[in-house]
Amino acid sequence: MSKKIQAIRGMNDLLPEQSPVWQYVESCVRALMETYGYAEIRTPILEQTALFARSIGEVTDIVEKEMYTFNDRNGDSLTLRPEGTASCVRAAMENGLLHNQTQRLWYQGPMFRHERPQKGRYRQFHQVGVEAYGLEGPDIDAEVILLTARLWRRLGLNEHVTLELNSLGSSAARAAYRETLVTYFEQHRDVLDEDSSRRLSTNPMRILDSKNPDMAPILADAPRLMDHLDDESREHFEQLTTLLDSVGIEYRINPRLVRGLDYYSRTVFEWTTDALGSQGTVCAGGRYDGLVEQLGGKPTPAVGFAMGMERLILLLETLDVIPDDAQPGLDVYIVGQGEQIHGTTLQLGETLRNALPGIRLQVHCGGGGFRSQIKKADRSGAQLALLLGEEEIANDMVTIKFLRNDREQVSLPQDKLTEQLPELLGRSF
RNA sequence: GUGGAUGUAGCUCAGUGGUAGAGCCCCGGAUUGUGGCUCCGGUGGUCGUGGGUUCGAUCCCCAUCAUCCACCCCA
């Protein structure tokens, strides 16, 4: 048994090498949300356990065996959020955001599920989500789908993800269909595999999702959800597909698409890819018109989605579509050596940052010879090295060495530096 | 929770029943003030952990932990 202290299983450190990619995606997301006028909401990572039990569903895997739940010091049962929607609804209700008004919100942050880690699935993972409240028409469904589609375009993923669409109907229609389905499968109990038999009592609609080829014949003849929709849901769905057609969004209607969380109703959708192995769902969402009421609020229509950051970034890396400028890099690296150097390099660094606030500059620390300092300047990725040695200091000069081309190094007076640097670097500050 | 694979240097990996090696990285030197290319040298390992077999285990056996992949489930 190892005594080494290490990270919790399935909870990863995000290392310096990785953070630029995350920041790139995060900034794309933020800009996108602003484009559509969605406002960010931030909620606590911990909630009362009952919030998730009531919203996600008591008998779902998430609630039954995947939540990080523990007792607070006063005995309250608390849970690390396994998803964002429940917290969002709670916060919106609690702060009066749903009182007689509509809301378009987004959130971003870590979620926690105690699952076995694998590719694209971790115990602490990060989601970006959108929630729109108070709008019942299919136009808002179309809008959130358009929003995701625009993100794929901006990230360069649009050729690599496909939209799957379905409707679960109203909760009443869904419940009725569920009964029909259970009856059907009970008549064929002998051909159900182990997983499906278990689902019959937990989540019968999931049986339709079975990957077991032996199940294909019985699934093909199963009653179809689409044939059991209530009229309103059918109309809603037809309008949605018409809207998507009119704005040029391609989709595939997948009658077997079922969402895992109990609160979904009517529209459900998923963006999937085949480039990520078995965890191919990058983004998923739909309507949950009954959720607000279920959590004690007034009946409020709602639609939203969540996407997995790890999966998104994995996909970007797999497809090699991360732009080079996602890496920040350095403009200038200041090197200094000699008896008289003292604080000169640090001073010069501050002077330049004062004059050129956007400059990306690092001052060499830790001493060493010119040779090793310049080697570090090179490896820092900086465009220029500024050299301050005894000669330069004696004459108030500085030597500029070009690290990325063969241009001859030049020396100039230190007080000319701030006016020369923008030109030498080919950018303004 | 179930199944399979894998744990040797910071990283990628060789290797053998007689207590370990390469490449990359890092540091120093060739160049006492000049990076990239080259050459030379150096730092760095409880061979995941614990137990068993053995004269002797990094290697064989068992357990355990971790990682990866798949199932389940989900973003």
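The structure displayed is predicted, hence computed values, not measured ones. Below, read A as the first sequence line, B as the second, and so on, with proteins coming before strands; counting in each chain starts at 1.
Pairing for B/C37 is absent, with no Watson-Crick or G-U wobble pair whose two atom distances lie under 3.5 Å. In this structure, B/U2 forms a base pair with B/A70, meeting either the Watson-Crick or the G-U wobble geometry with both donor-acceptor distances under 3.5 Å. Across all strands shown, B/U64 pairs with B/G48; the Watson-Crick or G-U wobble distances both stay below 3.5 Å. Under the Watson-Crick and G-U wobble criteria, each requiring two contacts below 3.5 Å, nucleotide B/G10 is paired to B/C24.
Side-chain nitrogen and oxygen atoms of A/Arg113 include none within less than 4.0 Å of the OP1 or OP2 phosphate oxygen of B/C73. Phosphate proximity of B/C74 to A/Arg206: present, with a side-chain N or O under 4.0 Å from OP1 or OP2. OP1 and OP2 of B/C68 both lie 4.0 Å or more from every side-chain N or O belonging to A/Gln118. Proximity of A/Arg121 to the phosphate of B/A75: no side-chain N or O atom is located under 4.0 Å from OP1 or OP2. The side chain of A/Arg371 contributes no N or O atom lying less than 4.0 Å from OP1 or OP2 of B/G28. For the OP1/OP2 pair of B/C27 and a distance below 4.0 Å, the side-chain nitrogens and oxygens of A/Lys376 include at least one atom meeting the criterion.
RNA chain B is contacted by both A/Asn12 and A/Glu115; A/Asn12 maps to the nucleotide lying nearer its 5′ end (nearest heavy atom per residue). Between A/Glu392 and A/Arg116, the residue anchored nearer the 5' end of RNA chain B, judged by the nucleotide with its closest heavy atom, is A/Arg116.
The A/Arg311 side chain lies nearest to B/A75 when the options are B/A75, B/A70, B/C72. Looking at the side chain of A/Asp406, the nearest of the listed nucleotides B/A75, B/G35, B/G36 is B/G36. The side chain of A/Ser372 lies closest to B/G28 when the candidates are B/G28, B/C74, B/A75. Checked against B/G33, B/A75, B/C71, the side chain of A/Phe370 finds its nearest nucleotide in B/G33. Considering only side-chain atoms of A/Arg9, the nucleotide from B/G33, B/G35, B/U67 that sits closest is B/U67.
In this entry the distance linking CG of A/Leu208 with P of B/C73 reads 12 Å, nearest Å.
Look at the P atom in both B/G45 and B/A9: the space between them is 10 Å, to the nearest Å. Rounded to whole Å, the P atom of B/C39 lies 46 Å from the corresponding atom of B/G51. Rounded to the nearest Å, the gap between the P atom of B/C72 and that of B/U2 is 16 Å. Taking atom C1' in both B/G41 and B/U46, the straight-line distance is 28 Å, to the nearest Å. For the C1' atom pair drawn from B/G4 and B/U8, the interatomic distance equals 22 Å after rounding to whole Å. A distance of about 36 Å separates the P atoms of B/G36 and B/G7, rounded to the whole Å. For B/G10 and B/G48, the P atoms lie 13 Å apart once the distance is rounded to whole Å.
Residues A/Arg9 and A/Pro117 meet the side-chain proximity criterion, which asks for heavy atoms closer than 4.5 Å. Looking at A/Ile400 and A/Leu386, their side chains come closer than 4.5 Å, going by heavy atoms from C-beta outward. Side-chain contact between A/Tyr251 and A/Ile145 is absent, with no heavy atoms from C-beta onward closer than 4.5 Å.
Judged by distance alone, the side chain of A/Glu392 and the main-chain N or O of A/Gly389 form a donor-acceptor pair under 3.5 Å.
Scanning atom types as modelled, no donor and acceptor separated by under 3.5 angstrom connect the side chain of A/Arg199 and the base of B/C72. Side-chain atoms of A/Gln409 come within donor-acceptor range of the base of B/U34, with a qualifying N/O pair under 3.5 Å.
Using a 4.0 Å cut-off between charged side-chain N and carboxylate O, A/Glu164 and A/Arg252 make a salt bridge. In summary, A/Arg30 and A/Glu40 engage in a salt bridge, as defined by a charged side-chain N under 4.0 Å from a carboxylate O.
Applying the side chain to side chain contact (heavy atoms under 4.5 Å, CB included) test between A/Leu276 and each of A/Leu314, A/Thr281, A/Leu312 identifies A/Leu314 as the sole match.
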